[in-house]
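What follows is one structure encoded as structure tokens, with my remarks underneath.
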Amino acid sequence: MQCSTCKNTQLEPQELEPGLVAASCLSCSGALVSLMNYRFWADRYATASSAEEAVSEVEINESESVHSCPKCSRLMMKYQIGAQTHHKLDLCSACDEAWLDKGEWQLLKRLDLHDKLPKVFTDAWQRNIRKQRQEIALNERYERLLGEESFSRVKEFRDWLLQQPNKDAIKQYLISHQD
Ligand SMILES: [Zn+2]
Ligand SMILES: [Zn+2]
């Protein structure tokens, strides 16, 4: 198999973690992970490989270009990893193989996702990221509109309000005393 980013470079078996072998590109440090192998590894070893282990900041590559699967040459689909990162993983659903760009395995470890990789490829996960991003965007909009200090007071008030057993009455009061 050849790397789809660096043409003419053979992928070589290399361990991502003890017991987890991926087809790795020595040139761009990308790696093709078989999800079948991954599940086998995750069941047995993932919890042992400490998530707390200090993961140093590593340089992470992100190619916006579409990868083709090194195995079957079909185009791979991109999946968001999380709301706070713009990095995406590529998946060939035909082969059930994921492509990780350089540093993305370390990123998964930092986000504590290294033992639940297949979750990232579910609709629920992707929907949740979109929801979180909308929430972040909404917060940013109101923060700009109200200013940092007022916004943080409003947020604090809202958190308090949501905990009140009579929150509907409080809302009613606010609405009926608008000036
Ligand atoms: Zn490569
Ligand atoms: Zn494939």
Side-chain angles (χ1 to χ4, degrees), residues 1-140:
M1 281 188 296
Q2 298 197 329
C3 177
S4 69
T5 313
C6 332
K7 309 286 175 208
N8 305 322
T9 308
Q10 282 299 116
L11 298 179
E12 310 277 355
Q14 231 190 7
E15 281 192 328
L16 276 183
E17 293 291 318
L20 180 60
V21 175
S24 306
C25 174
L26 301 179
S27 163
C28 69
S29 301
L32 187 71
V33 182
S34 148
L35 292 185
M36 196 181 78
N37 287 348
Y38 173 84
R39 286 189 191 93
F40 184 85
W41 171 82
D43 282 350
R44 280 156 193 78
Y45 306 106
T47 41
S49 94
S50 58
E52 312 92 67
E53 156 194 331
V55 179
S56 52
E57 292 282 325
V58 282
E59 186 198 330
I60 309 175
N61 279 357
E62 178 64 43
S63 46
E64 277 302 317
S65 62
V66 181
H67 284 287
S68 58
C69 175
K71 226 174 180 176
C72 72
S73 305
R74 284 191 183 87
L75 294 181
M76 300 181 96
M77 285 272 295
K78 289 197 177 291
Y79 291 83
Q80 304 282 345
I81 297 174
Q84 313 283 357
T85 168
H86 65 279
H87 288 285
K88 300 183 189 97
L89 300 181
D90 297 82
L91 176 78
C92 175
S93 49
C95 300
D96 208 23
E97 303 251 354
W99 179 263
L100 275 58
D101 287 316
K102 178 186 181 184
E104 286 180 341
W105 177 252
Q106 285 76 6
L107 175 69
L108 289 171
K109 288 179 87 170
R110 215 183 316 147
L111 299 172
D112 202 18
L113 290 173
H114 64 293
D115 57 349
K116 27 192 150 349
L117 178 57
K119 257 195 180 172
V120 171
F121 304 118
T122 60
D123 286 346
W125 189 266
Q126 296 301 310
R127 252 200 320 274
N128 194 261
I129 291 174
R130 283 196 293 275
K131 224 177 90 187
Q132 284 181 48
R133 289 214 170 123
Q134 281 164 6
E135 177 86 22
I136 292 168
L138 190 78
N139 278 338
E140 283 171 356

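Atoms within a ligand are numbered from 1 in the order they appear, just like the ligands themselves. Note that the structure is a prediction, hence the values are computed from the model and not measured.
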Please list, in chain and residue-number order, the protein N/O/S atoms closer than 2.8 Å to the Zn ion (ligand 1).
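Listed by chain and number: Cys3 SG, Cys6 SG, Cys25 SG, Cys28 SG.
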
Which atom pair, heavy atoms only, marks the closest approach of [X] to [Y]?
X	Y	answer
Ala83	Gln132	CB-OE1, 3.3 Å
Lys116	Tyr38	N-OH, 3.2 Å
Asp90	Asp101	OD1-OD2, 4.5 Å

Starting from the C-alpha separation in whole Å, work towards a yes-or-no answer on side chain to side chain contact (heavy atoms under 4.5 Å, CB included) for Leu91 and Met76.
CA-CA 5 Å; Leu91 176 78; Met76 300 181 96; 5.6 Å; no

Passing option when Leu113 is tested against Asp115, Leu111, Leu117 for side chain to side chain contact (heavy atoms under 4.5 Å, CB included)
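Of Asp115, Leu111, Leu117, side chain to side chain contact (heavy atoms under 4.5 Å, CB included) with Leu113 is met by Leu111 alone.
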
Sequence neighbours excluded - ring-ring contact (aromatic ring centres under 6.0 Å, His included) pairs with any residue from residues 2-24
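Those involving residues 2-24 do not exist here.
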
Evaluate the ring planes of His114 and Trp105, with Trp represented by its six-membered ring, and classify them as parallel (under 30°), tilted (30 to 60°) or perpendicular (over 60°).
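Judged by the thresholds at 30° and 60°, the geometry between His114 and Trp105 is perpendicular.
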
Sequence neighbours left out, what passes salt bridge (Lys or Arg N to Asp or Glu O under 4.0 Å) with Arg130? Give chain and number order.
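Result, salt bridge (Lys or Arg N to Asp or Glu O under 4.0 Å) vs Arg130: none returned.
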
Using 0.5 Å steps for rounding, measure from the CD atom of Gln2 to the NZ atom of Lys71.
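Output value for this atom pair is 15.5 Å.
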
Protein N, O or S atoms less than 2.8 Å from the Zn ion (ligand 2), ignoring waters?
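Near the Zn ion (ligand 2), below 2.8 Å, one finds Cys69 SG, Cys72 SG, Cys92 SG, Cys95 SG.
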
